Amino acid sequence: MNKKKWIITAIILAVFCAALGIYNYYGKRSPAEESAGEPIAPRSRNTLNVNGLIIRPQSLTDGITTVGNLLPDEEVDLSFETSGKIVAINFQEGAAVRKGQLLAKVNDRPLQAQLSRYEAQLKLAEDRVYRQSALLERDAVSQEAYEQARTELATLNADIDIVKSNIALTELCAPFDGIIGLRNVSEGAYASPSVVVAKLTKISPLKIDFYVPERYASQIHPGTRLSFTVEGRQERFEATVYATETQVDVTTRTLAVRARYPNARGRLLPGRFATVEIRMHEISDAIAVPTEAIVPEMGIDKVFLYRGGKAHAVEVTTGLRTESQIQIINGLQVGDTLLTSGTLQLREGLPVQLDRID
């Protein structure tokens with residue numbers, strides 16, 4: 001009797017487990033399918049679990065993001081062109097200076113004395129030429145004597161010019177407007193052409209040097225607008241490309257580009273690292289899909305849509321491409337449910353189950 005009850009109990013349990021398994025296999029629906037409100041056919045053993053994306057218009061921007069460096073518009077190490085003891089320093093470190101302003105001077109007393117001697121002889125040489133010219137008109141002196149007097153005057157004037165040029169070499173003047181840095185010498189020090197007195201930098205405007213991939217080389221030209229940011233500042237700065245290199249670098253396959261930022265108030269300093277962004281194209285209402293959703297096949301681009309619980313292949317025409325998205329020009333409509341995962345396993349008419357809809 002006990003054996004018979006045990007057999008009946010085992011049969012009841014087996015029937016219950018079988019019914020529960022059939023219900024879980026055929027009757028259960030995923031949350032994504034329930035939210036979509038579509039009737040789901042009984043799931044077969046070949047059903048593929050995938051993710052979906054409902055197509056909506058969106059803004060699509062194709063641009064370049066790269067890194068660059070801020071450079072001064074002009075920069076030079078200031079040095080004397082001659083040697084001598086420094087007798088005057090006429091600038092303050094970190095101050096703004098004007099082009100032609102006298103910044104420092106070395107001793108020029110021997111040259112000044114030599115100039116005074118030549119200038120004293122100049123009057124006598126000019127008088128000699130005048131007298132020789134008057135005598136030549138009366139045939140009282142030879143042409144050779146007159147030419148010799150003129151040569152002596154010309155030689156004296158040349159000597160004066162040489163001395164004045166040497167005196168100019170003792171003066172260190174600013175070659176352009178800019179900000180002078182820290183000085184490296186003091187009055188009384190002996191200067192030579194190899195001694196750097198200070199650095200002069202022109203920081204308004206600033207240059208931005210950066211590189212772009214070769215596929216954008218034909219689209220970057222003088223006048224192209226860009227924006228950049230620097231660490232520690234929240235604002236975005238606007239600049240304009242004014243020059244590019246003449247060829248693409250064969251090693252890095254990039255094109256060197258140089259832009260200019262006005263920096264009117266000296267807000268930025270050269271030498272800083274910058275993140276550069278260039279917007280190439282911008283579409284406000286594009287239909288775009290993730291790049292992984294595109295399935296290339298025999299030169300044709302396809303995507304798979306979710307329709308009636310199955311995958312449906314659709315041929316599409318692509319347009320603008322970014323790093324993560326591709327614009328679809330033809331083939332998709334707003335509201336379509338695009339399958340975004342398992343694309344390599346999808347086939348026309350394959351039953352699919354949506355795990356997630358974005």
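Fair warning: this is a prediction, and the values are worked out from it, not measured in the lab. Along the sequence shown, residues are numbered consecutively beginning with 1.
- Between the side chain of Glu126 and the main chain of Lys123, no donor-acceptor pair closer than 3.5 Å is present.
- Atom CG of residue Asn90 and atom CG of residue Leu102 lie 5.0 Å apart, to the nearest 0.5 angstrom.
- Residues Val87 and Val106 have side chains not in contact (no heavy-atom distance under 4.5 Å, counting atoms from C-beta outward).
- The same ILVMFWY cluster, assembled from side-chain heavy atoms under 4.5 Å apart, contains both Val314 and Val289.
- For the atom pair CZ (Arg279) and OG1 (Thr65), the distance works out to 10.0 Å, reported to the nearest 0.5 Å.
- The main-chain N or O of Val195 is found under 3.5 Å from a side-chain atom of Ser79 such that the two form a donor-acceptor pair.
- Within 6.0 Å of atom CD1 in Ile300, more than 12 heavy atoms from other residues, nucleotides or ligands are found, so the atom counts as buried in its surroundings.
- With hydrogens and angles ignored, the 3.5 Å screen pairs a side-chain donor or acceptor of Asp336 with a backbone N or O of Gln333.
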Residue pair Gln148, Gln132: steps toward the side-chain hydrogen bond (donor to acceptor under 3.5 Å, both in side chains) verdict: CA-CA 10 Å; Gln148 183 177 357; Gln132 292 292 336; over 6 Å; no
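- A side-chain donor-acceptor contact under 3.5 Å links Ser204 to the backbone of Asn263.
- Remark: Tyr130 OH is loosely packed, at most 12 non-hydrogen atoms of other residues, nucleotides or ligands lying under 6.0 Å away.
- For Asp249 (side chain) and Thr251 (main-chain N/O), a donor-acceptor pair under 3.5 Å exists by modelled atom type.
- In this structure, Asn184 contributes its side chain and Val196 its backbone to a donor-acceptor pair below 3.5 Å.
- Rounded to the nearest 0.5 Å, atoms CZ (Arg225) and OG1 (Thr240) are 3.5 Å apart.
- More than 12 heavy atoms of other residues, nucleotides or ligands lie within 6.0 Å of CD in Glu235, so this atom counts as buried by the packing criterion.
- Using a 4.5 Å cut-off between side-chain heavy atoms of Ile, Leu, Val, Met, Phe, Trp and Tyr, with links allowed through other members, Ile55 and Tyr306 fall into different hydrophobic clusters.
- In the hydrophobic cluster analysis, where Ile, Leu, Val, Met, Phe, Trp and Tyr join through side-chain heavy atoms closer than 4.5 angstrom, Leu255 is grouped apart from Tyr211.
- In this structure, Val129 and Tyr146 approach most closely via the heavy-atom pair O-CE1, 3.9 Å.
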side-chain contact (heavy atoms from CB on, under 4.5 Å) between Ile329 and Thr318, worked out: CA-CA 6 Å; Ile329 300 176; Thr318 60; over 6 Å; no
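- Side chains of Leu350 and Leu48 form a contact here, defined as non-hydrogen atoms less than 4.5 Å apart.
- A continuous path of ILVMFWY side-chain contacts below 4.5 Å connects Val257 to Val230, so both sit in one hydrophobic cluster.
- Residues Phe176 and Leu200 meet the side-chain proximity criterion, which asks for heavy atoms closer than 4.5 Å.
- Taking all atoms of both residues into account, the shortest heavy-atom contact from Leu339 to Ala293 is O-CB, 4.0 Å.
- A salt bridge links Lys105 with Glu171: the distance from a Lys NZ or Arg NE/NH1/NH2 to an Asp or Glu carboxylate oxygen falls below 4.0 Å.
- For the pair Glu348 and Lys310, the salt-bridge criterion is not met [side-chain N within less than 4.0 Å of a carboxylate O].
- Arg183 places a side-chain N or O within donor-acceptor distance of the main-chain N or O of Val185, the cut-off being under 3.5 Å.
- Between Lys99 and Asp177, no side-chain nitrogen of the basic residue sits less than 4.0 Å from a carboxylate oxygen of the acidic one, so the salt-bridge criterion is not met.
- Annotation: side chain of Leu71 is not in contact with side chain of Ile208 (no heavy-atom distance under 4.5 Å).
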Steps toward salt bridge (charged side-chain N to carboxylate O under 4.0 Å, His left out) verdict (Lys199, Asp77): CA-CA 5 Å; Lys199 186 185 294 291; Asp77 289 332; 2.8 Å; yes
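- When all heavy atoms are compared, the tightest approach of Gly52 to Thr337 is CA-CG2, 4.5 Å.
- The closest side-chain heavy-atom distance from Val67 to Phe210 is not below 4.5 Å.
- Using a distance-only test at 3.5 Å, with no hydrogens or angles considered, no donor-acceptor pair links the side chain of Thr224 to the main chain of Ile220.
- Separation of atoms CZ (Arg98) and CG (Leu103) is listed at 13.5 Å; rounding is to 0.5 Å.
- Between Leu346 and Val352 there is a side-chain heavy-atom pair separated by less than 4.5 Å.
- Ile328 and Asn330 get closest at one heavy-atom pair: CG2-O, 3.5 Å.
- Considering CD of Gln121 and CG of Asn157, their distance stands at 11.5 Å, rounded to 0.5 Å.
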CA sep, side-chain torsions, deciding dist, call: Leu115, Ile167, side-chain contact (heavy atoms from CB on, under 4.5 Å): CA-CA 9 Å; Leu115 178 62; Ile167 292 175; 3.9 Å; yes
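- One N or O on the side chain of Ser116 and one on the backbone of Gln112 form a donor-acceptor pair closer than 3.5 Å.
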side-chain contact (heavy atoms from CB on, under 4.5 Å) evaluation trace for Thr229 with Arg233: CA-CA 7 Å; Thr229 57; Arg233 286 181 174 267; over 6 Å; no
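- At least one side-chain heavy atom of Leu354 sits under 4.5 Å from a side-chain heavy atom of Val50.
- Crowding of Arg236 atom CZ: a count of heavy atoms from other residues, nucleotides or ligands under 6.0 Å exceeding 12.
- Heavy atoms only, all atoms of each residue included: Glu238 and Pro262 are closest at O-CD, 4.2 Å.
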Tyr261/Phe228 under ring pair (Phe, Tyr, Trp, His ring centres under 6.0 Å): CA gap, chis, key distance, verdict: CA-CA 10 Å; Tyr261 169 65; Phe228 68 94; 5.5 Å; yes
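- Remark: side-chain polar atoms of Ser341 are paired, donor with acceptor, to backbone N or O of Asn51 under 3.5 angstrom.
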Evaluation steps, side-chain contact (heavy atoms from CB on, under 4.5 Å), between Thr155 and Asp159: CA-CA 6 Å; Thr155 301; Asp159 290 338; 4.0 Å; yes
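- The shortest distance between side-chain heavy atoms of Phe304 and Arg347 does not fall below 4.5 Å.
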Candidate pair Gln143 and Glu147, rule side-chain hydrogen bond (donor to acceptor under 3.5 Å, both in side chains), full reasoning: CA-CA 6 Å; Gln143 181 71 30; Glu147 293 296 338; 2.8 Å; yes
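- For Arg150, the CZ atom sits in a loose shell: 12 or fewer heavy atoms of surrounding residues, nucleotides or ligands are nearer than 6.0 Å.
- At a threshold of 4.5 Å between side-chain heavy atoms, the hydrophobic network of Ile, Leu, Val, Met, Phe, Trp and Tyr places Val241 and Leu70 in one connected group.
- Ion pairing between Lys202 and Glu75 fails under the 4.0 Å rule for side-chain N and carboxylate O.
- Atom CD of Glu214 and atom CZ of Arg253 lie 5.5 Å apart (nearest 0.5 Å).
- Nearest heavy atoms, Leu122 versus Ile160: CD2-CD1, 4.1 Å.
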Test log, rule salt bridge (charged side-chain N to carboxylate O under 4.0 Å, His left out), inputs Arg272 and Glu231: CA-CA 8 Å; Arg272 300 198 64 178; Glu231 187 176 357; over 6 Å; no
